[in-house]
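Read through the structure below, which is laid out as structure tokens, and then see the notes.
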Amino acid sequence: MSDLTKSGGPRPGQGHFLADPDETPLQATDTLSANSEPSSLWQDAWRSLRKNPIFLISALMILFVLFVAFFPGVFTSEDPNYCVLSRSPLNKGTPPVITGYHPWGFDIQGCDVLARAVYGAKASVTVGVGTTILVVLVGGVVGALAGFYGGWFDSILSRITDIFFALPLILGAIIVLQLYKGSESVWRVVVVLALFGWPQIARITRGAVISVKGADFITASTALGATRFKSLVRHVVPNSLAPVIVTATVSLGIYIVSEATLSFLGLGLPQNLQSWGAQISSAQSAIRTAPMMLFYPSAALAITVLSFILLGDAVREALDPKARKR
Amino acid sequence: MTIFQTDPVGAEPTGFDPVERRSNHGLDLNKPLLEIKNLDVSFVANEGLVPAVRGANLVIYPGQTVAIVGESGSGKSTTAHAIIDLLPGSGKITGGEILFEGKKISGASKKEIIALRGSSIGLVPQDPMTNLNPVWRIGFQVAEALKANGISRGKMASKRAVELLAEAGLPDAERRARQFPHEFSGGMRQRALIAIGLAARPKLLIADEPTSALDVTVQQQILSHLDELTDQLGIAVLLITHDLGLAAERAEHLVVMYKGQVVESGPAREILRNPQHPYTQRLVASAPSLASRRLQSASTSKVDVAAKQERVENVIVAENLTKVFKIRGAGPGRGSDFKAVDDVSFRLPRGTTTAIVGESGSGKSTVAQMVLRLLEPTEGRVLYEGSDIAPLKGKALMALRRQVQPIFQNPYGSIDPLFSIYRTIEEPLRLHGIGDKASRVRRVKELLEKVSLPSSAMQRFPNELSGGQRQRVAIARALALEPEVIICDEAVSALDVLVQAQVLELLNNLQTELGLSYLFITHDLAVVRQIADYVLVMKDGRLVEQASTDSVFDNPQQEYTRKLLDAIPGAHIELGR
Amino acid sequence: MLWYIGRRLIQTIPVFIGATFLIYFLVFKLPGDPVAALFGDKPVNPAVAAQIRAEYHLDRPFIVQYLLYLKGTLHLDFGTSFATRRPAIDSISQAFPVTVKLGLMALAIEAVFGITLGVIAGLRKGGIFDSTILIASLVVIAVPVFVMGFILQFLVGIKLGWLSPTAGPNAPLKNLILPAIVLASLSMAYVIRLTRASVAENLSADFVRTATAKGLSRRRVNVVHVLRNSMIPVVTFLGADLGALMGGAIVTEGIFNVQGIGRLLYNSIRASDSVVVVGTVTLLVVVFLISNLLVDLLYAVLDPRIRYV
């Protein structure tokens with residue numbers, strides 16, 4: 001393009017240069033290297049998770065909490081419901097004779113704090129896991145159907161989702177729990193939290209499904225002869241799972257906090273059930289004299305929730321498509 | 001390292017005219033503007049430093065155009081980014097040096113680099129869709145380059161920005177400057193990016209694949225315009241491209257990179273005529289824009305030709321296909337109709353390839369979707385083996401699906417990332433209830449062999465495969481049901497040149513071996529030449545021209561077809577072969 | 001643009017009707033007989049009960065009850081409180097401004113601190129500051145609001161005495177600072193995380209590299225290109241959060257004795273004052289819907305790509 005080229009040969013540094021072909025060998029075009037193990041998305045994610053200390057710590061913590069929830073007897077031999085008022089830190093009279101091991105001391109009713117915290121794990125874990133499962137089932141199905149089939153069907157399902165979304169989780173739960181006092185069980189709380197929690201998962205699932213359903217491999221499977229429903233089940237849903245799993249893991253922590261808040265308000269679990277929320281609530285009045293009573297159950301709760309959030313974060317990173325090799 | 005150099009750096013070559021020259025910038029034209037010496041660039045990864053560029057050398061003189069040619073991952077863009085310190089956080093220069101006007105700029109301070117960017121070295125980036133900030137007006141983004149380099153400020157800068165946009169070939173620049181990027185087409189955005197790159201009148205412009213995302217005719221217009229501008233202004237250009245034909249057409253000096261190394265460099269025509277390195281030789285041989293004839297298959301047909309001839313001659317006949325899309329407007333009742341395909345008729349003779357060529361928005365993919373019965377035509381019909389496909393349902397539709405199979409453009413999108421290769425290829429067999437498990441395993445192995453992949457690939461997952469390998473898996477999947485017709489929708493467009501050549505050859509051999517008929521949708525006329533027997537040229541939903549490949553190339557009847565042919569980069573270069 | 005606003009408005013109407021119906025159904029239909037509940041443990045007086053039923057249209061079919069309620073709501077008439085025998089709107093309009101103040105203060109706190117910390121963390125991703133902020137925000141998310149409330153009330157309010165530990169009736173703005181901080185804490189943690197992620201993502205965007213190549217200073221690239229673009233999701237989150245903050249005030253108002261809408265709601269629920277409960281929640285839902293509508297408009301202002309949809 002420049003007139004310079006017309007005037008003679010190449011300029012300094014621009015002559016015909018050839019790298020030694022032995023040093024720069026031509027490799028076969030596009031061969032498949034045979035010496036690496038197969039890795040699906042999930043295997044890849046698992047491999048990177050295994051090396052992630054945050055994942056390992058949070059997963060171990062969660063396993064520990066689950067273990068505590070199912071085998072509380074291993075961690076304390078005390079009965080959480082055995083309370084002797086004279087053991088209360090508010091008791092300024094003669095100290096009672098205390099036998100046994102009580103590392104975390106007693107609360108104002110004179111119950112063993114450790115025993116209550118250990119036995120409280122079960123309620124929190126049950127509510128967290130139960131609500132999450134229910135929410136993923138309901139929200140996942142609604143979101144997937146709305147996103148996949150679209151049109152007026154989507155409009156209706158989306159508006160229904162919006163309606164439930166307009167009531168904040170805690171607010172809705174308080175109203176229903178206060179007004180509707182039926183059977184006194186953990187599942188009542190689970191159902192109520194799920195009732196106001198599902199729209200979030202529905203929205204996430206819907207978004208994920210919409211972004212997946214336009215992919216060429218969905219069109220390809222239709223062209224191969226798959227029905228719409230088969231495409232949805234075999235291709236769309238599995239490929240939409242990642243963000244749903246991540247959100248669900250983080251939400252699990254949120255539901256545990258919500259249960260504690262409800263128990264704190266005296267609305268959550270039945271009175272005879274041990275829970276961290278109830279324990280914190282009863283410790284509140286003695287925050288000046290016995291702050292550690294508030295600390296232990298709060299810490300147990302916070303560490304559990306933190307573990308689930310960190311787990312969700314680690315899984316999000318492992319499933320991030322940008323981080324995956326091509 | 002042994003270097004076969006006809007002209008070692010620094011030596012005075014014979015035949016070079018030592019007359020002193022001065023450029024518009026008042027530079028000594030005999031002194032290199034940019035020198036890259038033994039450049040090493042590495043990226044920090046979990047496994048340690050991963051080299052991306054190794055020992056690269058490059059010299060650019062004032063006003064000159066130099067091109068770096070290479071496939072994806074060759075290190076060409078990394079080299080360019082290293083010049084003005086635009087490497088991502090994990091990348092760094094680990095060896096060698098970069099000199100600009102004789103002054104070392106690799107490892108210079110942030111302040112020095114910022115002073116250099118824009119005013120001395122401009123950049124026109126690769127993807128026009130992502131390189132403009134979506135929230136700022138175009139005029140603002142151009143004016144910003146002026147202000148940053150102290151050229152003009154305030155109202156003056158805005159005025160100058162409009163001039164620059166007009167200069168870059170943007171019509172109605174005054175109004176356009178007030179618009180946002182999303183209101184621009186790809187070509188217009190690229191022009192805005194050129195205006196930004198040239199705003200401060202740099203001495204060197206790095207053009208990183210400046211047009212690869214654009215249609216050929218737009219690409220040619222923009223490149224020619226860029227040529228004129230830089231010539232006028234005496235700006236040197238470092239052109240980064242994967243397209244050897246384009247590089248040879250636009251640059252006087254070529255640098256060929258392969259796997260992070262410069263394997264060959266020299267005067268453009270000389271390299272093209274007399275490539276020395278095996279890679280360059282392969283590249284020259286495979287460049288579709290330089291190829292001049294249809295691929296011939298080595299294998300012989302195993303299909304009983306006589307049996308085939310008993311059936312209808314044309315496997316697919318499309319009659320007056322029209323597709324109208326409803327577009328939701330900016331208000332109620334303001335929706336409009338968009339005719340994507342307008343009265344298109346063609347036939348696909350058995351055992352041959354018919355290509356549909358057109359630029360983006362020509363409606364070619366919509367035609368493919370209608371033939372696949374993924375979209376319903378608004379008017380007209382598609383006949384398969386002489387019968388209309390529109391009323392097909394249930395079993396009959398499944399039978400059609402067996403016979404007509406697609407291969408899509410994006411090798412990263414057309415295979416479910418969660419399915420192993422075995423499950424991917426087995427899926428059509430399973431959907432159509434063909435065979436038992438053992439026979440399906442055998443069939444998948446057979447199919448993998450057909451597309452030259454080892455049977456060990458069965459346990460692999462798509463993310464472990466390259467684009468070309470995935471495309472071969474997609475071909476194997478399409479072949480699983482032993483179809484009559486394969487619709488290739490831009491099936492090789494996303495692939496590197498050598499891989500593209502390999503896949504085209506595979507498709508061609510399969511056609512001969514299995515008697516397949518292809519409907520080949522592409523924007524790339526150069527590819528058409530290699531694979532098609534008949535060509536349909538589409539523009540704005542209409543059929544512009546249809547004829548045999550040879551007559552289209554040798555004797556195009558329509559102005560538009562001529563324009564398309566003309567725009568193929570490197571089409572006019574005579575090769576000494 | 002007008003059409004865009006109009007469409008969002010039209011979509012809001014069914015949600016408003018649906019949400020109020022849901023509340024009305026939950027409160028008046030589900031728990032059985034709200035009138036009987038009023039008598040508590042005392043025997044139900046049939047004459048009084050019938051009178052109340054007629055007054056609240058509870059003798060009419062459910063759907064008619066709801067429509068009458070909806071009609072009243074549109075005139076800001078939520079009915080007469082079961083407990084105080086005064087119009088529900090009286091107590092609501094007394095409590096509402098307090099919670100609005102509290103909500104706006106919390107919003108300001110989470111916006112200022114959340115965005116600032118998030119931006120710094122995002123720009124220095126991987127550094128010590130980033131890690132510290134990230135862990136701190138996670139701890140805030142993991143600790144229940146009421147625990148946070150107790151701790152701050154005890155430390156800042158009682159031990160250090162910097163701020164009033166309780167608000168009480170007719171509280172001056174100063175007394176609302178502590179509850180506002182507690183109310184803001186959870187959302188602030190989310191704002192930090194969102195801002196950080198958004199900034200980090202935009203930092204590696206192509207257009208940021210192009211802006212750098214123009215020769216802009218690092219500062220200008222960060223402000224004009226990275227921050228401006230990162231604010232889109234953050235501002236929309238903040239906008240939608242006002243409704244959530246006011247709805248979530250129920251716990252915070254309880255701890256700090258703020259005489260706002262949350263406290264009113266809690267007391268009304270305890271007192272089975274269904275009329276006030278429905279009225280309050282309806283108002284909260286309206287705030288939520290309006291703030292969401294505003295967010296959509298804000299979104300259109302911030303992101304030019306939306307304006308022409």
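In what follows, every chain begins at residue 1, and chains take the letters A, B, ... in the order their sequences are listed.
In this structure, chain C has heavy atoms under 4.5 Å from both the backbone and the side chain of P134(B). In this structure, the portions of E144(B) lying under 4.5 Å from any heavy atom of chain C include both its backbone and its side chain. Contacts of L203(C) with chain B are absent, with no heavy-atom separation under 4.5 Å from either backbone or side chain. Of the atoms belonging to L193(B), it is side-chain heavy atoms, and not backbone ones, that fall under 4.5 Å from chain C. For V224(C), the parts sitting under 4.5 Å from any heavy atom of chain B are the backbone and the side chain alike. Contact of A205(C) with chain B is not made at all, since no heavy-atom distance falls under 4.5 Å. Looking at L132(B), the atoms closer than 4.5 Å to chain C (heavy atoms on both sides) all sit in the backbone: N, CA, C or O.
Under the 3.5 Å distance criterion, the side-chain polar atoms of R191(B) are matched with a main-chain donor or acceptor of A168(B).
Between atom CD1 of residue I36(B) and atom CG of residue L238(B) there is a gap of 7.0 Å, rounded to the nearest 0.5 Å. Summarising the geometry, atom CG belonging to L298(C) is positioned 8.0 Å from atom OG1 belonging to T236(C); distances are rounded to the nearest 0.5 Å. Here the straight-line distance linking atom OG1 of T65(B) with atom CD1 of I235(B) works out to 10.5 Å at 0.5 Å rounding.
One finds a salt bridge joining K203(B) and E101(B) here, because a Lys/Arg side-chain nitrogen approaches an Asp/Glu carboxylate oxygen to under 4.0 Å. Salt-bridge check for D130(C) with R124(C): failed, with every basic side-chain N at 4.0 Å or more from each acidic carboxylate O. Ionic pairing of D85(B) and K110(B) is present here: one or more N-O contacts between side-chain nitrogen and carboxylate oxygen are shorter than 4.0 angstrom.
Comparing N131(B), L86(B), I206(B), I196(B) by heavy-atom pairs within less than 4.5 Å of chain C, the highest count is held by N131(B). For the options I84(B), T130(B), N149(B), heavy-atom pairs under 4.5 Å to chain C are most numerous at T130(B).
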